[in-house]
Amino acid sequence: MKKLSSFFLMGTVALAGLGVMSSCSSDDLGNDSTTNPGETKAVKTQFALNIPRANGGTRMSGDNAQATQNFLGMEDIRMYSFKGEPTASSTSTATFTLANIAPGISETASSKIYSDVSVPVGTTHFLFYAHAPQGTTDVTNADNFTKGVLNFAAGTDNATATNDISAALVGVKGTDNGSADKLLAVLNAVAGVENWSTVAETTELGKLYKNFITLKAGSANSIRLALQDLYNALGGVTTGSDADAKTIANNIRTAIKTDNVFTVTEQTNKTFAITTANTYPNNINLPDGAVQLSYAKETKTFSYAGKSDLTGIQQLDAAKICFPASIYYFQSSDLAATAAELDNTAWPKTTSDWTSNTVAPWLKDGAAGWTASVQPTTRSIAMRQNINYGVANLATTVKCGAETLADNVGLKVSEPNEFTGTVTVPTEGFTVTGLLIGGQPTKVGFNFQPSDDKFDYTIYDKNLTGIVAKNAESTTTNYTIVLPNDKGRGVAKQEKVNVAIELTNNSGVAFRGADGIIPDGGKFYLVGQLNPDAKTIEGVANPAVFMSDYMTTMNLTITSLKSAYNTIPDLRSTKLQLGLSVDLDWQAGLQFDVNID
């Protein structure tokens, strides 16, 4: 996503007789002649929404997460009424669908009045849900990365059970068009070149074979770079005196051109560049490191697998990599009701006024004329609590901790003298191309809290334009919308969250990482951990890494490249090599009071 709002909305809904579209008809909610004739089951009221504009930032474009105090509007506004405070086992008495609120509100015009909404008599509480413009559940929709998306589920009838209300992340993985098979065909043609596997390991061809079959990174770009290095390294063999070796080398070069998946072009300096139109796995929305190769010596074939023979760490499950969440609003609130029909000017205009006992009419002078439930005579209703974000926000900065960074000198390679042991950070910085956030819940329930203890989904934010890791300098902040991973205030320990950043090696040299060589121009991954232990927030007991309506700040510092991965490991693993120093903090949302007319 590009950045969500750097601060969260503390919104307000005044239900002074909200003019909404209700899923219940007025006929259905008319007189109850079967009980007490003349007593109404529901009353038509006026509802007024007062929505403070969020000061937000989304790297979901800078605008898509309300980054510049721009209100993007609310869509799919849903309300559920209850007799009593809703719990996990409650059932609503009515369901309301409100008309969308358009963007473009201002501080002087931020309230919107709805009229003629049927609200059941006896109602004491409401649940409120809405979202900013978001993508769709279609995994081919690019808006899912820029705006985020959540799959909201709830009952379709009036009596909606709270345990049927949920919001879940949407998986990014699309359907491949055969591009993976095309890559494997080339790799297997190369590996299967006659007599190459039997060449002595001490020869140039033998060393090249040994290196080739250890290839782990399975993206089209990683394979392209590996084949390009191999093609150029074979130049010395093709000009040598050993006729058999020259034949094998020429056959390897021919195999690299199998099915024209890769195009070889000679450069002016007598080297060769290889290009390809194949973008796997980006073509199915996955990051380069989400696909990993495995080689079977018995059959001399490559396949896509999920475990690294080098590290023993399970690869990230591609089926559980998801789009960022969208901006979602939520509130569970009690109400205040009155028989008076309030004029538009009678409603408080700001968030603070809404809860002020000197301004809010239902709090003034003992709230004369106001009740805590809807009565047959009710004409105006106030939803007493402010609307907040149901989701959480992650603000990320990245920098390098030194001008030069050590690589993994302990990694065994055939030509250790190719490496100096350190890599100079590019002046322009390493380009950060992706952020992966682990520890996400399967889904959240009606209160936007995790529905179970399974935190095994990962958000992939790939719209990080302008984010670079420079020496001792953090540049642009990236913002990502995520789901809360709060296990509850009564737990002794909250979950740790592992994150990974995807970077491009634009240093000009290859280096040794945790699980192999990171080629020049290739993608690599560094892992960090967010540990909430011993962290405190005023007024919050046992804070989680991600909490509704809070922004978590994550300042990452790259201290070494020795823990760089070619592919993305399972972020749940306890064996991860952490290559990032993490400074973790929370910021509470600022309030911005804006009215909608």
Side-chain angles (χ1 to χ4, degrees), residues 10-20 22 24 29-32 35-36 38-51 77-96 98 111 113-130 158-162 165 329-344 346-388 446-447:
M10 300 286 190
T12 299
V13 172
L15 295 156
L18 264 184
V20 285
S22 172
C24 319
L29 295 174
N31 292 335
D32 182 6
T35 53
N36 298 314
E39 181 182 65
T40 56
K41 291 177 63 177
V43 292
K44 286 191 175 182
T45 65
Q46 213 181 20
F47 280 51
L49 265 77
N50 183 50
I51 309 215
I77 305 172
R78 311 171 194 219
M79 294 188 66
Y80 303 89
S81 60
F82 296 85
K83 293 183 178 181
E85 183 175 1
T87 67
S89 57
S90 299
T91 300
S92 69
T93 56
T95 301
F96 309 100
L98 284 67
S111 57
I113 307 299
Y114 298 90
S115 60
D116 292 335
V117 183
S118 295
V119 180
V121 170
T123 297
T124 63
H125 288 75
F126 292 103
L127 287 177
F128 178 98
Y129 304 92
N158 297 329
T160 298
T162 51
I165 300 175
Y329 304 95
F330 160 74
Q331 187 54 272
S332 176
S333 177
D334 54 348
L335 63 82
T338 179
E341 293 189 20
L342 272 68
D343 184 83
N344 290 359
W347 292 97
K349 301 301 182 185
T350 69
T351 302
S352 58
D353 285 351
W354 200 260
T355 56
S356 169
N357 59 12
T358 61
V359 179
W362 52 89
L363 295 175
K364 292 166 59 176
D365 301 324
W370 290 82
T371 62
S373 64
V374 175
Q375 304 297 312
T377 57
T378 294
R379 292 296 176 268
S380 301
I381 304 172
M383 184 173 171
R384 295 182 61 169
Q385 306 302 317
N386 294 327
I387 297 173
N388 296 322
F446 83 99
N447 56 358

Side-chain (S333) to main-chain (R384) donor-acceptor, under 3.5 angstrom: yes

Under the side chain to side chain donor-acceptor pair (under 3.5 Å) test, residues paired with T162 that sit two or more places apart: none

Side chains of D334 and E85 in contact at under 4.5 Å (non-hydrogen atoms): no

Side chain to side chain donor-acceptor pair (under 3.5 Å) involving S332 - partner list, sequence neighbours excluded: none

Distance-only polar pair, side chains of T93 and S81, donor-acceptor under 3.5 Å: yes

Pairwise distance OG1(T87) to CZ(F82) - rounded to 0.5 angstrom: 8.5 Å

Minimum heavy-atom distance K83-V121, with the two atoms named: CE-O, 3.3 Å

Any donor-acceptor pair under 3.5 Å from Y129 side chain to F446 backbone: yes

Smallest separation among heavy atoms of L335 and H125, with atom names: CD2-N, 4.0 Å

With sequence neighbours excluded, residues passing side chain to side chain donor-acceptor pair (under 3.5 Å) with S92: none

Smallest separation among heavy atoms of M79 and M383, with atom names: CE-SD, 4.1 Å

Side chain to side chain contact (heavy atoms under 4.5 Å, CB included) evaluation trace for T95 with R78: CA-CA 7 Å; T95 301; R78 311 171 194 219; 5.7 Å; no

For the student: nearest non-hydrogen atoms of S373 and T378, plus distance: O-OG1, 4.4 Å

Non-hydrogen atoms of F96 and P120 that approach each other most closely: CZ-CD, 4.1 Å

Minimum heavy-atom distance between P361 and W370, given as atom pair plus value: O-NE1, 3.6 Å

Side chain to side chain contact (heavy atoms under 4.5 Å, CB included) partners of A346, counting only residues at least two apart: L342

Set of residues satisfying side chain to side chain donor-acceptor pair (under 3.5 Å) with respect to N357, sequence neighbours excluded: none

Residue pair W362 / T338, side-chain heavy-atom distance below 4.5 Å: no

Residue pair I165, L127: steps toward the side chain to side chain contact (heavy atoms under 4.5 Å, CB included) verdict: CA-CA 11 Å; I165 300 175; L127 287 177; 4.3 Å; yes

Pairing residues for A161 by the side chain to side chain contact (heavy atoms under 4.5 Å, CB included) criterion, not counting sequence neighbours: T91, N163, D164

